[in-house]
Each structure stands twice: as structure tokens, then as C-alpha cells.
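Note that the structure is a prediction, hence the values are computed from the model and not measured.
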Amino acid sequence: LATVRAARVTYVGELGWELYVPCEFALLVYDSIIKNGQKFELKNGGYYAIVSMRLEKGYRAWSHDISPDETPLEAGLSFAVDFRKNFIGKEALLKQQSEGLKKRLVQFQFEDANIYPLGKEPIYEGDKLVGYLSSAGFGHSLGFGVGMGYIS
């Protein structure tokens, strides 16, 4: 028997579970899930499928779309900041809020379905470089490329 921690959270924006399994039991748990999941038409989801779903939902990825180099305001996450409370960095965020953002995260969609962005592509406004895509991929349920990136 393996101890498995199941969390009802999702990284991809769909109902699902994340399972935390000790390494020595991972194969046993995987095989059991695949065997018992057949009656539910359970399918494996690969890395690019997960990236596609999270990008379509606008979910940010740590070290790609959010890091210590961006603030919640720049990342479009101000809804998660409770300014009624005291916290480290509150003054800096209030200052940034009053002075305006120097960069912000935006989402992109590519009208040409043959474009398959991978991330780190430059973002231009006319001839001026204004940023880079932080994450990108093909949105399979949308039928075109999608991405996120910071623009200044």
C-alpha cells in the first residue's frame, strides 16, 4: 500500500486532482490508476496538453509568467492582494499602484493557426521591441496559438 495525498486543485483550469506519491510507489499507483480508470475512459495527458490548457485559461506558471521579478500588479493578480492587511512589500505595491505600472502581463492569440509559439519570442509594437512572450503554445481547444508576455 502507498500513502497518496490527493489535492482537489488543478493547474489546467479543469476539474481534477493532483496526486503526491512517494517515488518508490509511483509506478504502482500509476498502474493502478490506469487499470481502474479504463471504465471512466481515463487518458494520459502529456506536458504540452497541460501547457495548452493552462494557457487557454490564463493560468500563470512560476518562473515563466511570475517570479520574484514581477509584482502581483504587473502579473494581473491584484485581486489576490488584500490591501487591508499589513504585509511585506505593501508600501511598494501601493507606490506602484499610484505611479502606474512600467510593465504588465498580457495574453495573446495568434490568428494564423499555423503559428506555433513556444515562448520567449519578442513582442513588437511596430518596429519597437516592447517585451517577450513568457509562455506560449498551441491552444488545442481554441485552434490557434496562445501566449502570455510582459509588455512595457
Side-chain angles (χ1 to χ4, degrees), residues 1-97 101-111 113 115-123 131-152:
L1 287 184
T3 300
V4 176
R5 177 173 292 184
R8 186 72 164 142
V9 297
T10 176
Y11 182 61
V12 297
E14 302 295 333
L15 293 177
W17 294 86
E18 288 188 9
L19 303 178
Y20 298 89
V21 182
C23 290
E24 63 271 20
F25 296 110
L27 186 57
L28 173 72
V29 170
Y30 173 80
D31 287 341
S32 178
I33 290 170
I34 293 299
K35 178 183 175 190
N36 292 296
Q38 289 176 354
K39 60 186 166 206
F40 302 106
E41 299 181 27
L42 181 72
K43 304 276 189 268
N44 286 306
Y47 173 76
Y48 289 109
I50 291 169
V51 169
S52 175
M53 289 188 290
R54 86 159 179 86
L55 285 168
E56 289 178 359
K57 296 287 186 179
Y59 284 14
R60 288 108 173 114
W62 180 255
S63 82
H64 292 273
D65 310 306
I66 51 176
S67 76
D69 297 327
E70 292 84 32
T71 70
L73 304 179
E74 294 167 336
L77 298 172
S78 60
F79 66 89
V81 179
D82 188 349
F83 285 103
R84 297 171 297 179
K85 296 181 178 181
N86 289 321
F87 55 88
I88 296 171
K90 178 179 179 178
E91 293 79 21
L93 289 180
L94 288 170
K95 181 179 177 186
Q96 187 179 50
Q97 198 174 44
L101 302 176
K102 292 185 176 45
K103 66 178 181 176
R104 64 186 177 102
L105 186 67
V106 294
Q107 292 179 276
F108 294 90
Q109 67 182 42
F110 298 86
E111 293 176 357
I115 295 175
Y116 194 111
L118 298 173
K120 306 303 180 204
E121 291 90 348
I123 301 169
Y132 290 89
L133 290 178
S134 51
S135 289
F138 192 80
H140 291 278
S141 68
L142 299 173
F144 49 77
V146 292
M148 289 186 237
Y150 284 90
I151 60 171
S152 33

I'd like to check [X] versus [Y] (side-chain heavy atoms, cut-off strictly below 4.5 Å). Are they in contact?
X      : Y      : result
Leu19  : Tyr30  : no
Arg104 : Ile151 : yes
Asn44  : Ile34  : yes
Leu93  : Pro72  : yes
Phe87  : Asp82  : no
Asp65  : Arg54  : yes
Leu101 : Gln96  : yes
Arg8   : Trp17  : yes

How long is the span from the [atom1] atom in [X] to the [atom2] atom in [Y], to the nearest 0.5 Å?
X      : Y      : atom1 : atom2 : answer
Gln107 : Lys57  : CD    : NZ    : 12.0 Å
Ile33  : Lys35  : CD1   : NZ    : 13.5 Å
Phe25  : Thr3   : CZ    : OG1   : 7.0 Å
Ile115 : Phe138 : CD1   : CZ    : 10.5 Å
Glu18  : Arg5   : CD    : CZ    : 12.5 Å
Leu73  : Leu105 : CG    : CG    : 12.5 Å

Would you say [atom1] of [X] has more than 12 non-hydrogen atoms from neighbouring residues, nucleotides or ligands within 6.0 angstrom?
X      : atom1 : answer
Glu111 : CD    : no
Arg60  : CZ    : yes
Phe83  : CZ    : yes

Where [X] and [Y] come nearest, the two heavy atoms and their spacing:
X      : Y      : answer
Ser134 : His64  : CB-O, 3.0 Å
Gly119 : Ala136 : N-CB, 3.5 Å
Ile66  : Ala75  : CG2-CB, 3.6 Å
Gly139 : Ser52  : CA-OG, 3.5 Å
Ala2   : Val29  : CB-CG2, 3.9 Å
Phe110 : Val146 : CD1-N, 3.9 Å

*If only atom types and distance count, is the side chain of Lys103 paired as donor or acceptor with the main-chain N or O of Glu74 below 3.5 Å?*
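Here the side-chain-to-backbone pair does not exist.
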
*asked:* Using modelled atom types and a 3.5 Å cut-off, is there a donor and acceptor pairing between side-chain atoms of Glu70 and backbone atoms of Ser67?
replied: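 Checked: pair present.
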
*Could you give me the CA-CA distance, side-chain angles and deciding distance for Ser135 and Leu55, then say whether side-chain contact (heavy atoms from CB on, under 4.5 Å) is met?*
CA-CA 8 Å; Ser135 289; Leu55 285 168; 3.7 Å; yes

